[in-house]
Amino acid sequence: MTVLASGSKGNATVIAAGGTRILVDAGLSCRELLKRMAAVGEEPEQLNAILITHEHLDHVAGLAVLARRLKVPVFFTEQTHRAWVRMLTPRTTMSYAKWLEKLQAEREAAAEPISVMATEEMDETPAKEKADPAALPAVEYFRAGQSFSIGEIDINPFTIPHDAADPCGFVFHARSESIRMAIATDLGYVPPNVKQALKGVDVLLLESNHDLEMLKDGPYPWSVKQRVLSRVGHLSNDAAAEFLMRDYDGGAHTIVLGHLSEQNNLPELARLAAEQAIGGRMSLLGNRVLLAGQDAPLEPICL
Ligand SMILES: [Zn+2]
Ligand SMILES: [Zn+2]
């Protein structure tokens, strides 16, 4: 597992086993994603697929451009795909005045057919892509609760409580090596199905979004605070710690804390809460705690 970025300004993680490489989320610009992959020695051409957790911008910002550039299939749930397409092609209701304005502009454009043709020829973007910003080389659908495979990696998607169309976390199982890695970020709380899914994982990327006090006293407007704190918002340091203390089986090699808020959290607070929760189970062999950040990739975690 290599976390390229984690946080509200962009998320992306590479999961690799044997000859299979999957990019989970593409929440940075295509350019930045390629730059970060190069920085950790991942070759973009080696990617077999892009897998999307949910349609929020911090998980899909570079998706269309990257997928088209690399010509790789994108795996979504059907609802997430639809929500993403809607987001890129918003339908606006037009006022009469706007409609007249548009009609006028079209007539003017039609009066100058030569210059229109000239600009068409200059633009090298294929017509299909210009017409459809949501065009992808290939789309595959999966469903939460139904395992599927990409190359040598088995994937178990599970539903997470978050304010998106059909958000999912994932457990990845490297078939040849019986190693399991999981991603669970963007969740308002840890429901029973997530506790169940996260049993027996070797590496866990877990959300530790905010410190409750910092969020309450912080600069966010009240409505945003309510959203973050809600049952479909983000996991606090305390909630992550409670999961680690009560429900986590203690068997992981590494726990990565991710999706830390830059406004409402401090890395030391997130780490302290998690380490206290793991308590005596930390050792040289297991339960190492790492923090994934927004600005630079994390060192690859290799098992
Ligand atoms: Zn997010
Ligand atoms: Zn989200």
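Just follow the structure's listing: the first ligand is 1, and inside any ligand the first atom is 1. Starting from 1, each residue takes its place in the sequence as its number.
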Query raised in the report: Does His234 bring an N, O or S atom to under 2.8 Å of the Zn ion (ligand 2)?
Result: no
Report task. Please find out if the Zn ion (ligand 2) and some N, O or S atom of Asp58 are separated by less than 2.8 Å. Result -> no
**Report entry** Whether His162 and His234 hold their rings parallel, tilted or perpendicular, with breakpoints at 30° and 60°
**Finding:** perpendicular
Query raised in the report: Going by distance alone, is a donor N or O of one side chain under 3.5 Å from an acceptor N or O of the other, for His259 and Asp186?
Result: yes
Query raised in the report: Under 30°, 30 to 60°, or over 60°: which ring-plane class applies to His54 and His56, parallel, tilted or perpendicular?
Result: perpendicular
Query raised in the report: Got a sec: is His56 within less than 2.8 Å of the Zn ion (ligand 2) via an N/O/S atom?
Result: yes
Query raised in the report: Would you call the rings of Phe75 and Phe148 parallel, tilted or perpendicular if under 30° counts as parallel and over 60° as perpendicular?
Result: parallel
Query raised in the report: Is the Zn ion (ligand 1) less than 2.8 Å from at least one N/O/S atom of His59?
Result: yes
Report task. Mark yes or no for whether Arg21, through its side chain, and Val14, through its backbone, hold a donor-acceptor pair below 3.5 Å. Result -> no
Report task. Can you tell me, to 10 degrees, how wide the angle at the Zn ion (ligand 2) is between OD2 on Asp186 and NE2 on His162? Result -> 90°
